[in-house]
Chemist: 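So that we are looking at the same thing, I have put the structure below in structure tokens.
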Amino acid sequence: MNLLLKLAGSVALAASLMVPALAQTVTVPGQSTTATYMDYMKTVYARAAGSDMIQIGLTAFDKDFNLTPIAAESWSQSADGLTWTFKIRPELNWSDGEPLTAEDFVFALQHAATTGYDFAWYWSFAGGIKNWDDVTAGKADVSTLGLKAVDDKTLEVTTTAPKPYLPSVVSLWYPVPKHQFDKYGEEWSTNVETIVSSGPWVVKEWVKSNNTVTLAKNPEYQGPWKPEIDEVVLDSSLGLPEVGVPAFLAGDVDMTSLNTGQVAMMRQRFADQIHTNPVFATQYISFDLEKAPFDNTDVRRAFYYAINRDELTSTVLKDIAIPAHSILPPGFPGYSENVAKQAVFDPEKAKELLAKAGYPNGEGFPSIEIWFREEGGYNGAILPPMAQYLQSQFKQILGVTMNIKVMPGKDWMEGMLARKNNIYLAPYEYDYLDPSNFYGLFYNGGRHTYHIAAYDELVKQADSASSWDERVNLYEQAEQVMIDQGLIVPLTHPVTMNVVSDKLGGDAMTPNKQGFYPNWSGYVYTHLTKN
């Protein structure tokens with residue numbers, strides 16, 4: 001009898017040891033429901049969910065905004081400030097076992113510079129890479145770019161002018177697997193079977209019909225920030241808070257952002273699970289400066305003064321954003337009170353400016369249509385009610401009729417770059433902690449095809465000046481040009497408000513030094529646990 005019990009016990013123990021542990025899976029809303037490539041260096045505005053999580057940038061920011069070595073273990077700058085040398089970690093491989101090399105980073109930008117990359121403007125203003133503009137314009141051969149793989153693990157970058165903030169910029173420079181591209185071409189990043197990763201995650205599943213992606217731990221990954229959970233599901237069908245909150249209440253998602261109508265109820269039910277995070281981001285109106293009626297400075301400045309930003313954020317947006325009085329958010333390096341105090345609500349001045357432009361009380365002003373992009377997350381919570389508020393405000397104060405058009409992100413960006421409309425509602429979140437990040441959006445074409453000589457010259461000087469105080473002073477002068485010429489209308493800086501499952505833990509769920517929870521980015525997903 002004892003022998004039988006012992007045998008039975010042994011069998012039970014063996015069986016229990018054979019049962020695999022349940023995977024720790026965290027499900028969160030994705031952003032856009034449409035995507036084409038799982039390659040950030042192919043397209044930013046039509047990229048698949050998680051494409052910036054499966055590859056490893058040269059650097060990254062932690063939750064306290066400290067710049068951290070990731071693919072690069074160190075870097076140095078030449079005496080003349082024009083050349084940077086990055087040392088790639090020797091232990092890094094692709095998920096198929098091939099070594100990650102400096103050539104993979106060179107190839108990424110060489111390819112981007114010659115294939116109509118929709119983020120090319122960023123590497124012009126922020127990267128300042130030698131010959132970037134000439135190569136992207138087809139005026140110079142790609143081999144003349146200021147990029148060089150000195151050896152397998154040494155990357156050299158030459159810029160047209162000193163770029164003291166370049167190590168921050170390269171946090172968005174992801175490698176492309178040249179060995180895989182040579183086999184499959186662009187299609188390497190369209191099939192789960194051919195996608196390889198250099199970062200902490202690999203693509204396990206990609207539902208292209210709604211851009212929902214399941215990421216799993218990359219067993220080959222030997223770099224910093226290794227994941228603690230097993231899987232992340234980025235479910236883009238749950239991106240809008242109207243869908244995400246019911247999914248959260250049903251236990252189908254571990255986090256969701258809140259829209260204005262959900263804040264009070266969710267605060268009451270989940271008071272200890274509401275995470276608030278001010279974001280270094282700005283939502284603003286931009287114009288086509290050469291198309292009527294916005295080719296008139298007085299018209300643009302009328303819009304600047306016609307918005308009650310305090311009412312917009314407190315009443316309409318229920319404090320999921322704060323008023324924006326400049327392109328830089330409060331607390332961002334270089335933020336200026338002198339600039340911010342000028343963006344006031346002054347309806348009489350707005351009317352005077354519109355009358356001066358030839359449209360008294362809006363008479364004769366053409367009907368306009370503002371375009372904004374469909375998104376999840378905080379933009380999905382803010383942009384729709386904000387557009388409706390602006391529509392009402394412009395009608396009431398200026399007598400202007402404004403229609404609203406919501407578009408997929410790719411179409412919106414293509415429309416803006418191709419100048420298919422004359423007014424846009426534009427969101428932008430920082431990529432690196434330097435004023436050049438925001439001012440570069442409008443530098444020499446940049447994101448908005450603006451070419452304002454006085455502005456461009458000031459930003460150019462500020463970007464390469466060696467003194468921080470001198471740089472800040474020059475950026476402040478550049479923003480004064482923006483104000484005087486009405487280049488944009490700053491509206492809001494978002495404050496994310498998420499409800500988060502109490503099963504989640506780890507460093508990602510601990511507030512940073514400023515008392516706020518980190519934004520949901522690569523840092524969070526690699527510093528997250530789940531009970």
Side-chain angles (χ1 to χ4, degrees), residues 36-47 51-52 55-59 71-72 75 82-86 88 100-150 154-163 165-182 184-190 198 410 413-414 416-418 431-432 436-437 440-449 451 456 460 463-464:
T36 51
Y37 294 91
M38 186 66 73
D39 180 1
Y40 192 94
M41 306 305 289
K42 170 66 179 174
T43 171
V44 169
Y45 298 102
R47 69 185 188 272
S51 58
D52 48 350
Q55 306 301 356
I56 183 172
L58 286 166
T59 59
W75 51 84
L82 296 175
T83 302
W84 289 85
T85 301
F86 295 89
I88 310 296
L100 177 69
T101 68
E103 183 62 32
D104 291 319
F105 285 94
V106 172
F107 178 71
L109 277 190
Q110 284 185 335
H111 187 62
T114 54
T115 56
Y117 184 41
D118 56 13
F119 207 47
W121 60 270
Y122 178 85
W123 293 103
S124 173
F125 89 78
I129 296 169
K130 182 181 176 183
N131 277 351
W132 179 264
D133 288 341
D134 284 343
V135 171
T136 55
K139 299 176 182 176
D141 187 80
V142 70
S143 62
T144 65
L145 278 178
L147 306 170
K148 181 180 178 182
V150 178
T154 306
L155 174 66
E156 192 175 274
V157 183
T158 303
T159 57
T160 54
K163 292 283 183 180
Y165 48 86
L166 190 73
S168 297
V169 174
V170 297
S171 62
L172 284 182
W173 185 356
Y174 301 105
V176 171
K178 187 172 184 306
H179 66 285
Q180 203 74 345
F181 190 94
D182 289 343
Y184 302 103
E186 301 283 12
E187 301 307 306
W188 79 269
S189 71
T190 61
S198 58
K410 181 175 182 293
M413 193 65 198
E414 286 179 354
M416 191 163 65
L417 293 175
D431 292 318
Y432 60 95
S436 61
N437 192 183
L441 299 177
F442 314 96
Y443 172 71
N444 191 27
R447 189 192 199 197
H448 295 286
T449 65
H451 292 278
D456 287 349
K460 181 180 178 181
D463 281 359
S464 57

Chemist: What residues, two or more places apart in sequence or in another chain, satisfy side-chain hydrogen bond (donor to acceptor under 3.5 Å, both in side chains) together with T449?
Modeler: none
Chemist: Please list, chain by chain and in numerical order, all residues satisfying side-chain contact (heavy atoms from CB on, under 4.5 Å) with A140, sequence neighbours excluded.
Modeler: D134, V135, T144
Chemist: Only one of V169, L172, V157, L155 clears side-chain contact (heavy atoms from CB on, under 4.5 Å) with L58; which?
Modeler: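 It is L155; the other options fail the test.
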Chemist: Taking only residues two or more places apart in sequence, or in another chain, which ones meet N444 in a side-chain hydrogen bond (donor to acceptor under 3.5 Å, both in side chains)?
Modeler: H451
Chemist: Sequence neighbours left out, what passes side-chain contact (heavy atoms from CB on, under 4.5 Å) with L82? Give chain and number order.
Modeler: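 Partners of L82 by the side-chain contact (heavy atoms from CB on, under 4.5 Å) criterion, ordered by chain and then number, come out as D80, T159, P162.
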Chemist: Search all heavy atoms of K410 against all heavy atoms of A46 and return the closest pair with its distance.
Modeler: CD-CB, 3.5 Å
Chemist: Can you tell me how far CH2 of W123 sits from CH2 of W173, rounded to the nearest 0.5 angstrom?
Modeler: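 That separation rounds to 6.5 Å.
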Chemist: Nearest 0.5 Å, please: how far is OG in S189 from CZ in F181?
Modeler: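 If I round to the nearest 0.5 Å, the distance is 9.0 Å.
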Chemist: Find the distance between OG (S51) and CE (M38) and round it off to the nearest 0.5 Å.
Modeler: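 Interatomic distance, S51 OG to M38 CE, rounded to 0.5 Å: 6.5 Å.
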Chemist: Under the rule for side-chain contact (heavy atoms from CB on, under 4.5 Å), what residues qualify as partners of T59, not counting sequence neighbours?
Modeler: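 Counting only residues at least two positions away or on another chain, T59 forms a side-chain contact (heavy atoms from CB on, under 4.5 Å) with L67, W75, V170, S171.
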Chemist: For E186, does its backbone N or O pair with a side-chain atom of T190 as donor and acceptor, under 3.5 Å?
Modeler: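 Not at all, since once roles are kept as given, no pair shorter than 3.5 Å links the two residues.
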Chemist: Quick one: side-chain hydrogen bond (donor to acceptor under 3.5 Å, both in side chains) partners of D104, sequence neighbours excluded?
Modeler: W94, T101
Chemist: Going from CD1 on I88 to CD on E103, what distance comes out if it is rounded to the nearest 0.5 angstrom?
Modeler: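 The distance works out to 11.5 Å.
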Chemist: Among residues at least two apart in sequence or on other chains, which ones pass ring-ring contact (aromatic ring centres under 6.0 Å, His included) with Y443?
Modeler: none
Chemist: For the atom pair CZ (R447) and CH2 (W121), what is the distance rounded to the nearest 0.5 Å?
Modeler: 5.5 Å
Chemist: Checking Y432 now: which residues fulfil ring-ring contact (aromatic ring centres under 6.0 Å, His included) with it, not counting sequence neighbours?
Modeler: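 If we apply the ring-ring contact (aromatic ring centres under 6.0 Å, His included) test to Y432, skipping adjacent residues, the hits are Y165.
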Chemist: Given side chains that start at C-beta, do those of F86 and F105 come closer than 4.5 Å, heavy atoms only?
Modeler: no
Chemist: Do L417 and M413 come within less than 4.5 Å of each other through their side chains, counting heavy atoms only?
Modeler: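 Side-chain contact under 4.5 Å: yes.
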Chemist: When you compare the side chain of Y117 with that of T136, does any pair of heavy atoms fall below 4.5 Å?
Modeler: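 T136 does not reach Y117 side chain to side chain.
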Chemist: Checking side-chain contact (heavy atoms from CB on, under 4.5 Å) between Y174 and each of L109, I56, D52, which is the one that passes?
Modeler: D52
Chemist: What residues form a salt bridge (charged side-chain N to carboxylate O under 4.0 Å, His left out) with E187, not counting sequence neighbours?
Modeler: none
Chemist: About how many Å separate CZ of F119 and NZ of K42, when rounded to the nearest 0.5 Å?
Modeler: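 Separation between the atoms: 16.0 Å.
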Chemist: Between M41 and H111, is any pair of side-chain heavy atoms under 4.5 Å apart?
Modeler: no
Chemist: List in chain and number order the residues that pass side-chain hydrogen bond (donor to acceptor under 3.5 Å, both in side chains) with T43, two or more places apart in sequence or in another chain; answer none if no residue qualifies.
Modeler: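 In terms of side-chain hydrogen bond (donor to acceptor under 3.5 Å, both in side chains), with neighbours along the sequence ignored, T43 is linked to D118.
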Chemist: Tell me, please, which residues at least two apart from T83 pass side-chain contact (heavy atoms from CB on, under 4.5 Å).
Modeler: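 Scan of T83 (side-chain contact (heavy atoms from CB on, under 4.5 Å), adjacent residues dropped) gives S78, E156, T158.
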Chemist: Mark yes or no for whether W132, through its side chain, and A120, through its backbone, hold a donor-acceptor pair below 3.5 Å.
Modeler: yes
Chemist: Please name all residues satisfying ring-ring contact (aromatic ring centres under 6.0 Å, His included) with W84, sequence neighbours left out, ordered by chain then number.
Modeler: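 Expected list: none.
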